Visitor: 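Attaching a single structure in structure tokens format; questions to follow.
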Amino acid sequence: MASPKRDAVLAAAEEAAREAAVAIAEPGTVGDHVGFVMDEDRVGTHYFDCTAVAYPGWRWAITLTRPPRGRSALLSETHLVAGEDALLSPHWVPYAERLAPGDIGPGDVTPKNDDDPFLEGGFEATGEEDVDQLGFFELGLGRPRVLSPEGRDAAAQRWYDGEHGPDTDTARKAPAPCSSCGYFVPMAGALRSVFGVCANEWSPSDGSVVSLDHGCGAHSEVDVERSEPERIDPPVLDDSVLEIVEH
């Protein structure tokens, strides 16, 4: 599509455009004329720098027009528009994507995500008591959705890389791993081979999911080295010496 032909009448109406900008702008915020652009036939826009402190890089845009064979410019629209170097607000990010671990407080409720890739549909009852009982505990029977393989892998990786995994100072200095501790309660299902729950009230991981190769100093089968008690001879009283104490 060919560009509109430059209109000499509109291009020459810079002062009229400036007056229109001054009329709508805060005092002293209309700066230098920075350009004129033809939008379409007999419609063009003059641009002026906006010198307001709060709008660096923005421009006043004053659009003028004229009727066919008209010899004077008419005001059409006035706007404050962003230039190439304008300071703009960041792109809006939905709440569900901005949410970070620890953001949920008492009384807060997160919006439901029907397309959560970490969840998949639960399982329906079969009518067989043994199968359904297993399903309630292992497969999530009775819940609309359960963890998908992707959700399970994401949780496992997060836990393994966290403070109850094998790469913490506590785990590195532990005398033995959680897998051999009597307080280690293995998890059910697919995560059983990697994780369990600590049930030792003396452990810093009590009540938390821990990896088999995590560990701490409260391991049930590890003891401290016991030194032999120091032998102390009974006191000796020398009653042959008289000590005079002055008051």
Side-chain angles (χ1 to χ4, degrees), residues 1-122 143-158 161-162:
M1 183 177 180
S3 300
K5 182 179 178 181
R6 183 178 177 85
D7 192 301
V9 173
L10 301 182
E14 177 183 333
E15 287 306 315
R18 178 180 290 276
E19 291 177 3
V22 170
I24 64 168
E26 293 183 6
T29 61
V30 179
D32 295 336
H33 184 263
V34 293
F36 172 75
V37 175
M38 289 297 300
D39 301 310
E40 54 184 86
D41 290 341
R42 298 189 305 280
V43 178
T45 300
H46 286 273
Y47 292 92
F48 302 88
D49 273 334
C50 176
T51 59
V53 176
Y55 291 89
W58 287 67
R59 296 174 176 178
W60 297 106
I62 310 300
T63 301
L64 305 175
T65 186
R66 70 177 181 85
R69 294 185 295 278
R71 304 306 301 169
S72 59
L74 304 176
L75 178 63
S76 178
E77 295 180 350
T78 59
H79 295 284
L80 180 60
V81 299
E84 294 181 359
D85 300 325
L87 178 64
L88 301 174
S89 61
H91 292 293
W92 182 78
V93 178
Y95 172 76
E97 298 179 19
R98 286 186 282 117
L99 197 64
D103 286 349
I104 305 301
D108 292 339
V109 178
T110 59
K112 182 181 178 182
N113 182 5
D114 291 325
D115 299 321
D116 191 339
F118 291 168
L119 298 175
E120 61 183 10
R143 289 181 288 161
R145 294 188 292 175
V146 296
L147 275 178
S148 65
E150 183 179 354
R152 185 169 57 247
D153 291 345
Q157 191 64 55
R158 185 172 64 251
D161 294 339

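Bear in mind that the values here come from a model prediction, so they are computed numbers and not experimental data.
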Visitor: What residues form a side-chain hydrogen bond (donor to acceptor under 3.5 Å, both in side chains) with D153, not counting sequence neighbours?
Guide: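 Partners of D153 under the side-chain hydrogen bond (donor to acceptor under 3.5 Å, both in side chains) test: none.
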Visitor: Output a table of donor-acceptor pairs, distance under 3.5 Å, between side-chain atoms of residues 66-88 and any protein atom two or more places apart or on a different chain; print 'none' if there are none.
Guide:
residue	atom	partner	partner atom	Å
R66	NE	D7	OD1	3.2
R66	NE	D7	OD2	2.8
R66	NH1	G70	O	2.9
R66	NH2	D7	OD2	3.2
E77	OE1	H79	NE2	3.1

Visitor: Look up atom CG in L64 and atom CG in L10, then write down how far apart they are to the nearest 0.5 Å.
Guide: 6.0 Å
Visitor: Can you name the residues that form a side-chain hydrogen bond (donor to acceptor under 3.5 Å, both in side chains) with D41, not counting sequence neighbours?
Guide: none
Visitor: Go through the structure and list residues passing ring-ring contact (aromatic ring centres under 6.0 Å, His included) with Y47, not counting sequence neighbours.
Guide: none
Visitor: Rounded to the nearest 0.5 Å, what's the gap from CD1 on I62 to CD on E14? Could you check?
Guide: 12.0 Å
Visitor: Can you list everything that forms a side-chain contact (heavy atoms from CB on, under 4.5 Å) with E150? Sequence neighbours excluded, please.
Guide: P117, F118, S148
Visitor: Identify all side-chain donor-acceptor contacts of residues 28-37 below 3.5 Å with residues at least two apart in sequence or on another chain.
Guide:
residue	atom	partner	partner atom	Å
T29	OG1	E26	N	3.4
T29	OG1	E26	O	2.7
H33	NE2	G35	O	3.2
H33	NE2	H46	ND1	2.9

